[in-house]
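Just so you know, ligand 1 is whichever comes first in the structure, and atom 1 is the first atom listed for that ligand.
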Amino acid sequence: MMIVMKEEATEEQIQAVVDRVESVGCLAHLSQGEVLTVIGAIGDRDRVAALGLEGAPGVDHLVPILKPYKLASSQFRKGERTVIDVDGRKVGGEHFALIAGPCTVESREQTLEVARVVADQGASMLRGGAYKPRTSPYSFQGLGAEGLRFLLEAKEQTGLPVVTELMDVRDVQDVAEVADVIQIGARNMQNYPLLSEAGRTGLPVLLKRGLSSTLEELLMAAEYVLKEGNESVMLCERGIRTFETAYRFTLDLLAIPALHELTHLPVIVDPSHAAGRRDWVKPMSLAAAAAGADGIIVEVHNEPEEAICDGPQAVPTDLFAEYAEQLRLVTEAAGKELSRV
Ligand code: PEP
Ligand code: MN
C-alpha cells in the first residue's frame with residue numbers, strides 16, 4: 001500500500017504514520033520527493049488496511065500497489081524516474097552511462113592500460129571482475145583480492161568509479177571497499193542472501209538479468225536490494241537463453257521499453273555477453289541506446305587475442321574511441337546525455 005501524505009503534512013504526522021505501519025509488523029519505506037511525501041507500507045495488505053489510515057492527520061489518500069514488486073514498481077514513484085549518482089556520473093532519466101573495461105582483471109598492466117584508454121575516451125565508469133563466475137570450475141576464477149587492488153589503483157589513476165562483481169557474501173567487505181557499484185551477475189540474480197547483503201552496503205547495485213529469468217523475476221530480485229533501504233539499483237539486460245544458437249544469448253531489447261513502463265529504475269544493456277563476437281557489439285550497443293537504454297556495460301581489452309576470458313567479444317582499446325563516439329551520437333539522438341565529469 002502506498003500512503004500519500006498531504007503537501008502540508010508535518011514531520012510529526014509523517015512519523016506517526018510510519019510508527020503505525022511498523023506497529024503491525026510492516027516495513028514503512030519513506031520516500032520524500034520535492035513536493036510530496038509517500039510512505040510505502042510493505043507487508044500484509046490486510047493489516048495495513050485495518051489501521052484505517054484514511055483520514056489520519058496529514059494523510060491525503062491510499063493507493064494499493066498491485067504488482068508483486070512494490071518498491072521497484074513505477075507506481076511507487078508516481079512516474080518519476082530514479083537517477084543514480086555514482087561520484088558525479090549519473091545513470092537514469094536523461095543520463096546515460098558508458099561502463100567499459102575488461103571482462104576480468106588479469107594483471108596490473110592490463111587493468112591500468114584499459115582503464116586509461118576508456119577514461120580518455122569519455123567512459124563514465126570502469127568495469128572489471130576480480131571474482132569471476134565461470135561455467136567450468138577449471139577455468140580462471142579471477143584474481144580475487146589482488147584484482148581488487150588493481151582496480152583501486154586504476155580508480156586512483158583515472159578517477160573512474162569502479163563496477164565489480166560480488167559473488168559470495170563472504171567477500172562483501174573487501175568488494176565494498178573498492179567498488180563504487182556492486183555488480184550481481186546473471187547467475188546470481190536469484191541468490192537472495194547475496195542480494196540482501198549487497199543492498200545493505202548502501203552502494204549502488206548493478207543487477208544482471210538471469211539467463212532464463214522473466215522481467216518480473218528480475219524486478220522481484222531488485223526488490224530484495226531495495227527492501228534493505230538501498231534505492232540505487234540499475235537493471236541490466238545481458239541476453240537470455242532461447243532456442244537460437246547462432247550467438248551466445250538473445251539480447252532482449254524489448255526489455256528496455258517494457259522495464260521503463262514497469263519500473264522507475266534505470267535499465268542498462270550489456271551487448272558483449274549476448275553477442276559473443278566483437279563485430280556484433282557495436283550494432284547492438286547502438287540499438288540499445290536508440291531504444292532508450294540508460295547505459296551500456298561493455299567489455300574492452302588491450303590485447304583481445306591474449307585475453308584470459310571473453311577475448312572474442314572484447315572491443316580492442318584502439319577501436320574504443322570510434323565506438324564511444326558513435327554511441328554518444330545515438331545517445332544524444334535518443335534524448336540522453338552521456339554522463340562524464
Ligand atoms: C560479466 O559481466 O563479467 C559477467 C560474467 O556477466 P553475466 O553475469 O551477465 O554473465
Ligand atoms: Mn565477460
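- Within the 4.0 Å heavy-atom cutoff, Arg209 does not count among the residues contacting ligand 1.
- Checked against a 3.5 angstrom limit, the closest N/O atoms of Asp270 and ligand 1 fall outside it.
- Here Cys309 does not reach the Mn ion (ligand 2): none of its N/O/S atoms is less than 2.8 Å from the metal.
- Any N or O atom pair closer than 3.5 Å counts here, and Ala186 shares at least one such pair with ligand 1.
- Scanning the protein for heavy atoms near atom 5 (C) of ligand 1, the closest one is Pro133 CG, 3.8 Å.
- Each of Glu217, Met189, Arg241 was compared with Ser212 under the side chain to side chain contact (heavy atoms under 4.5 Å, CB included) criterion, and only Arg241 meets it.
- Between Lys90 and Glu337 there is no salt bridge, since none of the side-chain N atoms of the basic residue sits less than 4.0 Å from a carboxylate O of the acidic one.
- There is no path of hydrophobic side-chain contacts, each under 4.5 Å, that joins Leu211 to Ile184.
- Rounded to 10°, the angle formed at the Mn ion (ligand 2) by NE2 of His273 and OD2 of Asp310 is 90°.
- Salt bridge status for Glu299 with Arg127: present, with a side-chain N to carboxylate O gap under 4.0 Å.
- One finds a salt bridge joining Asp310 and Arg248 here, because a Lys/Arg side-chain nitrogen approaches an Asp/Glu carboxylate oxygen to under 4.0 Å.
- Listed by number with element, the atoms of ligand 1 under 4.0 angstrom from any heavy atom of Gly185 are 8 (O).
- Of all atoms in ligand 1, listed by their number and element, those nearer than 4.0 Å to a heavy atom of Arg127 are 1 (C), 2 (O), 3 (O).
- Nearest N, O or S atom of Glu299 to the Mn ion (ligand 2): atom OE2.
- Counting protein heavy atoms only, atom 6 (O) of ligand 1 is closest to Lys208 NZ, 2.9 Å.
- Contact atoms of ligand 1 toward Arg187: 7 (P), 8 (O), 10 (O) (distance under 4.0 Å to a heavy atom of the residue).
- Grouping the Ile, Leu, Val, Met, Phe, Trp and Tyr side chains by contacts below 4.5 angstrom, directly or via other members, places Tyr69 apart from Met234.
- When non-hydrogen atoms are compared, ligand 1 lies under 4.0 Å from neither the backbone nor the side chain of Cys236.
- Less than 4.0 angstrom separates some heavy atom of Arg238 from each of these atoms of ligand 1: 7 (P), 9 (O), 10 (O).
- A salt bridge does not link Asp294 with Arg81: none of the charged nitrogens is closer than 4.0 Å to a carboxylate oxygen.
- Polar contact check, Glu165 against ligand 1: no nitrogen or oxygen pair lies under 3.5 Å apart.
- Judged purely by atom type and a 3.5 angstrom limit, Glu228 has no side-chain atom pairing as donor or acceptor with the backbone of Asn230.
- Between Phe76 and His264, the ring planes lie tilted relative to each other; the angle falls in the 30° to 60° range.
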